[in-house]
Every structure is written in structure tokens, then in C-alpha cells.
Amino acid sequence: MSYCQKALRVNLTTGIIEIEHLSEEFLSEYIGGRGLNMKRLYEEVPPEVDALSPQNKLFLGVGPLTGTSFPGSGRINISAKSPQTGILGDSNAGGFFGAELKFAGFDQVIIEGRAEELSYLFIHDGKAEIRKAEYLRGLDVPETQEKILKELKDSRVQVACIGPAAENGVMYSGIFCNLVRAAARTGMGTVMASKNLKAIAVKGTGSLAPKDVVRFREIIEEIDQQIRSHVEYKPRVMLGTTKLVHALNEAGCLATRHFQTGRFESAEEVSGEYLAERYKKKGKACFACTIPCSRFFELTEGKYKGLKSEGPEFEGLAGFSSRVGVGDIGSALKGVDLCNRYGLDVISTSECISFAMELYQRGIITEKEADGLDLSWGNSEAVLELIEKIAYRQGFGDLLADGVVRAAEKIGRGSSEYAMHVKGLEIFQADPRGLKGYALGVAVATRGGDHLRSEPSFEFTENPEEGIKRFGVPESAFRLEYKGKGKVVKFYEERCVLSDCLNVCKNTVVNMEILSFEQAAELLAADTGLAFSAENLQKSSERIINLERAYIVRAGIRRRDDTLPKRFLTEPLPKECGPSAGSIVELEPMLDEYYENHQWDKETGIPTREKLIDLGLENVVEDLLERGIL
Amino acid sequence: MEKIKVHIQYLGVIRLLINKKKEIFFFQEKPNLKILLETIASQYGKEVDDECKKQMFILYQPGDRAGKVMETQDLVEDGALVKIVSLVTGG
């Protein structure tokens, strides 16, 4: 598929649409997708910009493998300054939208300014137009897509849109592709809404064949073979990420009742196995993917009989079950469905609700303050009602709609202690005390409390010889050990960057470790005709990580912010958590090792001048010097 | 002769492959992990055996409510529960 070497710049204020050429140098240094976006973000959105002002910019980036036959190559990165955290905003979605953008002739889209009236952007085969969207105001995600496809009279158009949550300014609103494929984290939907932009529709009929079609095809066949023979293939096909409910529960680190324990007594009733046996209709894959890890389901019984959708992923399933103490899968699936319709991030939403439930449990807030809702654990109706209140900023929902940090600030009474976030971004559905490499990764992730910036799944292998071979210490292969995790996290950060720059799925490239840097270089060379090497790709990955670190350092982030909520650092997991019982996170030694491996200052967490220069980031050095940071 | 009764609970891929959630096996002596695997393989064949070798076995000895990841040398007591579950991986 190669590169289109084109970026579309759309100024919604002036209505001017321009096409920019992307140089080979830019593409070689930043690869694609996330890399392209981060470079632009650093240069075009300084820390002084208000995230909800017209000066913020929304970047959509795809990679050189997007739209090819590489498995899962339909992903897209969407980035901006985050209104939720005030630092780096970046989100990634699967499905088919990314591929369509490539077919339409663009590697990147830059959206700036603010439209005078509600609009949507239609991109088609090298062109773009801003269209009126007032008739879409207030519509949920499926309704929006349906109406746009009807207007354009083309069911093959791909749509990325926001729902009512973003229009109402909920800080953790996402941008949804293919209805349920969410670029959910860090409030990218909120940014889009602030620009008066309801949707982006894309149709492309272009084709960019790989430069060396034969070699490209050969490598893809090797990749497919590696995937099919991988130990993770069957679990992914049969259960996808929903397998993690039982797996984490047995390991004793499933987020339960807001991390008060790691074992959920009703895990069976909300498990991926339970869902597969009763309600799965068929498997579903993303664009070109060998692994149909998603599914269509339909509830055939219970209160939500008739509910049907694609999904869920583990984060949504656990977020509206174990995290809130609800042991009914129908209700959990309904919760995910509401978030998809309203356009909400399931992780942030489930954290805000479970936070409120813990405050209620502890008597810090009353039923009256919660609009008369009984926020006892397991009250699924209260959970679902709160999702709607958040989406429409009604009553108590309005307080939660700004995220858990701001909610805690407003409530006061010591509630901040119970806000499970890092740098303002709410954390996932696994207990960090049971996954220490993940704990470190979440603490240092450049977009805030996020597990997808590193995904150090090596710590599950429990193979001490491999630990020594790959990271120099046997403990690195054990999730309950902290030694070696600084190195492990750095390694996986680079794998995640590679995945996000190629815009292919992390399940394959990171979790299954398919596609080494060497293989990636060969594949890209065959695809683009450009000279890629494993060393350059790895260096580019490191460059992007350091650029992101510099971006958040520029916004004031230091070592003190690379932390975790107090519970994970000081309260051992309780006895019922089996293999993980008694565990806490030893963060400081892991941080020391992490900074050392990155060659960042250990006291501050700021990348050193030498490191930045080595990575060709002289302009960043200059910028940080001017700001008195270096 | 005294028999060792072991409760097996299938989770993850194994459960979906054999379409079964639980089973009871009887052994003459306390089994270890190797014997459990051989027993399941003889019952369900190679495909299941291959998948079982990639799973996590959580052992709940009688009276133990917490459980532990079963290791090669562990012997399963009479009345114990063993859960066979997918490895934790990224997601």
C-alpha cells in the first residue's frame, strides 16, 4: 500500500482545505500513524493552548501498512491536546475507517479551528468538503452513521463520529468508527465537539500497490503462518479479550468493587466463556485480520433480551460488572452498549461510577447527593442510570462528567484518595498489584493512566531462563516481581509505538510478538521502496517515545507524576486473591530502572539533552532550553 | 483401595473446545500436573491436550479458598479442585 505522501489540512474556521506533501524524511523518521501525529502535536499545539479552543488541533494518522493485507491493518490514531488530562491526548481505533482513509489518498488529516455551525467532513478520493450537520445534532452514534450514509447514498462510506456525550462536553468522550470501534481515551471526542464537528466520513477507491508485491506477499504469508501456529491464536479466536475475566480473576487481580479486591465471586456469570456459550452469534474480525477476536452477540433472555451488538472487549465487560459489583452479564453488556451509543470511554465511565460507589459505601457521599440513587455495589440499574446522567450532564452525572479527578476535587472530604487515575486518566480493569510491569507502564504512560502504551505481557511467561536471556534478570518474567520491569516496559513501549505507527493491532504485534523489528523493516521496504532497517525502526520508536515524554514534560509532568493511586502502593491485595494475595507495587525501584534504561534524569524524569540529540530531536532540546526545562 | 477424588473445572479455551464446565476424576494415588494432563489427553485427544499444555492450572487443595498456580511438583489431595484457565495475556 505504501505511503500516499499526503496530509489533508482542514481549517474549520475559514473553510480552507489544503493538501500537504509529506516528505520521505518525515515518514522515515516518524513512520506513520501515532508517530506522524506526535510530531505535529509537539510542533503545532504548545502547552499554552486551551484544549477546547479552536487553537487545538485534531490529528488523524494512519501508517504504511494501513489498508494492506497485513492482519488487522485498518487501525487509526487520533490525537490532540487532551481536555481531560491537559497533556498528550491520543487514541486508537480498529475496524475499517483507517483503511478507507488510505484508500481515499491520505496518510494524515489535520483539523484546526472551529466551524461556525455543526458540520461534518466528507473525504473522498483525494478531496474533501465540509458539510452541514445540524440535522445530526443530538443523535447517538448509530443514528449519526445511519443518517450520513443515507445522505451520501453510499453504504460503503466509513464514518467516525461523536455522540451526545461529546456534544454535552463530557470530558472522556470518544470518536467512534464502525459504531463500536472506539478511539475512546483522553477525550478526543470532546475535542471534536469543541470544533463543532460531528463526524468524519470517508470513501476511497484508490489503491497503492506495494513496491515489491512478490516479497510483500511472501512475508505476509509467513506472518499469517506465525499467527495461526501461535499459542494465543485459539484463545483469541474463541474468546478475544473477554477471556481475561476468568484469567485475571483466578490470578487474583480482576478489578472488583473499585479495586477493593482482585476476586469477584460472580466472575463466572460475567465471563467471556458464559457470553460465548449463550449469546455469541459469530466471530468478527477487523480489516484484513486473521484473528476474528471480536463477536456479534444477541441476548436471548433476561431483562435486556434482544440487545445485540458487536463486542465487548474485556475493559467494557469488566468495567460494568466486577468493577461495579454487578454479576449480571446482560446489565454489563447494556452498560457497554450505552457507552457506545452515547460515545463514552468505558474505562473512564466505569471508574467514575465505581469511584462514586466506593464513596457511597464509605459514607462520604449520600443517596441524596447522588440524586436519590442507591449506589450499593451490584445495583445495576443505578449504574445504567448514571451512564445516561453522565452523557447528558444531568444532576450527579454532571459532576462525574468531568472525570474522576475533578469530581474528587468538587466533592472534597478526602475523596481524592479513592480516585483511581494517573495524570488525570482513569485506569483499567486489572489490579496493578497483580501485574507489576503493567503497574509501571500505567504509571509512566505518556497519555496518563493507560495500559496500552506498553503492555508488558512478557511478565506472564513465568520462564526465568527467558527472563535472563531477554532482560538480564529472571524476575522480569514474573508478574509479581518488580526487578527487571524497567527494561521490560521500555522494550514493550517500543513495540507499542511500532504497532501504532504501522497502525496494526497490538494483539498481534505486541501481545503475540509477531513481527520483529527486522521483519517489519523488510516488510516496509517491500511495501514502500524506502530503505528501512531494524535499527532505524527501533530508533524511530525511541524517538517518538522521547518526543511524547518531552511533550508532557513541557506541560509540567515530572517524576512525582509518574505514580499510582495510594491503594496500590500501600494496601496489600487481600487473602482471597489467591496467587496475588499480599502484593503491593514497589514503584520507586522500577522507576529508577526505567529512567536509567531510557537515559532520562532520575530525579526529574526529564529526557537528557544527550539522549534527545542522539535521537535527532535538536529542536526539542532548543524548545526545552528556552522554557528553562533543560 | 482408597481413591483420590479430584474436581476439575474447565475455563477458557478448553471449556469451549470440549463443551464441558466440570468433571471429576479418580486416581489411585495423588496425581501431579503431568498425570492430570495425561488423563485429560486420554479423555479428549490431542487437540485438547495441546491446548491444555498452554493453560494455567490453579490448585485449590481441600479447605484452601485462595488457590495457587500449580507447579510440576505439586501433588493434588483428595477432594481438591483444579481450575484450568487461560493464561493472562495482554488485552
Side-chain angles (χ1 to χ4, degrees), chain A residues 231-232 234-254 263 267-268 271-274 276-277 280 293 313-315 428-430 434-435 438 451-452 454-462 479 492 496 506-507 510-512 574-581, chain B residues 6-23 32-34 36-37 40-41 44-74 76-77 80-91:
Chain A
V231 62
E232 267 294 293
K234 261 202 182 101
R236 296 268 169 188
V237 169
M238 298 179 97
L239 289 162
T241 59
T242 65
K243 71 167 192 162
L244 287 170
V245 172
H246 264 313
L248 286 171
N249 195 57
E250 287 306 318
C253 52
L254 176 67
R263 278 252 172 103
E268 164 59 23
S271 65
E273 291 86 330
Y274 191 95
E277 284 162 348
K280 179 177 174 177
C293 73
E313 295 299 328
F314 162 73
E315 292 293 329
F428 66 154
Q429 319 298 352
L435 316 157
Y438 272 81
H451 61 293
L452 295 169
S454 56
E455 282 257 65
S457 48
F458 179 77
E459 67 176 354
F460 305 134
T461 54
E462 302 202 342
R479 62 183 175 86
Y492 280 93
C496 285
K506 286 192 182 79
N507 278 336
V510 182
N511 296 324
M512 295 168 79
K575 198 174 168 198
E576 70 265 17
C577 297
S580 299
Chain B
V6 178
H7 300 267
I8 304 287
Q9 193 176 334
Y10 300 108
L11 302 171
V13 175
I14 306 297
R15 172 166 155 179
L16 296 181
L17 280 175
I18 66 176
N19 200 22
K20 194 181 274 189
K21 288 186 201 169
K22 49 184 155 182
E23 190 147 22
N32 58 17
L33 190 55
K34 182 168 176 280
L36 281 181
L37 282 165
I40 294 168
Y44 296 108
K46 188 178 181 309
E47 187 192 9
V48 173
D49 179 43
D50 287 344
E51 288 301 318
C52 269
K53 287 178 172 126
K54 305 166 196 170
Q55 308 305 306
M56 197 164 49
F57 283 60
I58 307 288
L59 172 60
Y60 295 78
Q61 298 286 23
D64 170 19
R65 295 177 64 183
K68 63 169 285 230
V69 178
M70 196 170 166
E71 293 172 41
T72 352
Q73 68 276 13
D74 289 330
V76 182
E77 305 279 340
L81 165 66
V82 175
K83 294 189 187 183
I84 305 174
V85 63
S86 294
L87 290 175
V88 178
T89 56

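Because only heavy atoms are used, hydrogens play no part in the values below, and waters and symmetry mates are left out as well, while side chains stay in. Sequence lines set the chain letters: A, B, ... in the order given, protein chains first and strands last, and positions in each chain run from 1.
- For the 3.5 Å distance criterion, the side chains of A:H246 and A:E268 qualify, holding a donor opposite an acceptor.
- The part of B:K21 that comes within reach of chain A is its side chain, from C-beta onward, which places non-hydrogen atoms under 4.5 angstrom from that chain.
- Contact check for A:F428 versus A:Y438: side-chain heavy atoms found under the 4.5 Å cut-off.
- When A:K506, A:E576, A:E277 are compared by the number of non-hydrogen pairs under 4.5 Å with chain B, A:E277 comes out ahead.
- Only the side chain of B:V85 comes within contact range of chain A, with at least one heavy atom under 4.5 Å from a heavy atom of that chain.
- Under the 4.0 Å criterion applied to side-chain N and carboxylate O atoms, B:K46 and B:D50 are assigned as salt-bridge partners.
- Neither the backbone nor the side chain of B:Q55 comes within contact range of chain A, judged by heavy atoms closer than 4.5 Å.
- With a 4.5 angstrom heavy-atom cutoff, B:E47 touches chain A only via side-chain atoms.
- For the pair B:L59 and B:V82, the tightest heavy-atom approach, listed with the atom from each and the gap, is CD1-CG2, 3.9 Å.
- Heavy atoms of B:I58 lying under 4.5 Å from chain A belong exclusively to its side chain.
- A donor and an acceptor atom, one from each side chain of A:E273 and B:Y10, are nowhere located under 3.5 Å apart.
- In this structure, the portions of A:L248 lying under 4.5 Å from any heavy atom of chain B include both its backbone and its side chain.
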Quiz item: Should B:L11 and B:S86 be marked as a side-chain contact (heavy atoms from CB on, under 4.5 Å) after you check the CA-CA gap, both sets of side-chain angles, and the distance that decides it?
Solution: CA-CA 7 Å; B:L11 302 171; B:S86 294; over 6 Å; no

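- Neither the backbone nor the side chain of A:E459 comes within less than 4.5 Å of any heavy atom in chain B.
- Using a 4.5 Å cut-off between heavy atoms, A:R263 touches chain B through its side chain atoms alone.
- For a residue to count as touching a neighbouring chain, one of its non-hydrogen atoms must lie under 4.5 Å from one of that chain's; by this rule B:K83 touches chain A with the side chain only.
- Side-chain contact, B:Y44 with B:E23: a donor N or O sits under 3.5 Å from an acceptor N or O.
- Side-chain contact between A:T241 and A:C293 is absent, with no heavy atoms from C-beta onward closer than 4.5 Å.
- For a residue to count as touching a neighbouring chain, one of its non-hydrogen atoms must lie under 4.5 Å from one of that chain's; by this rule A:K234 touches chain B with backbone and side chain alike.
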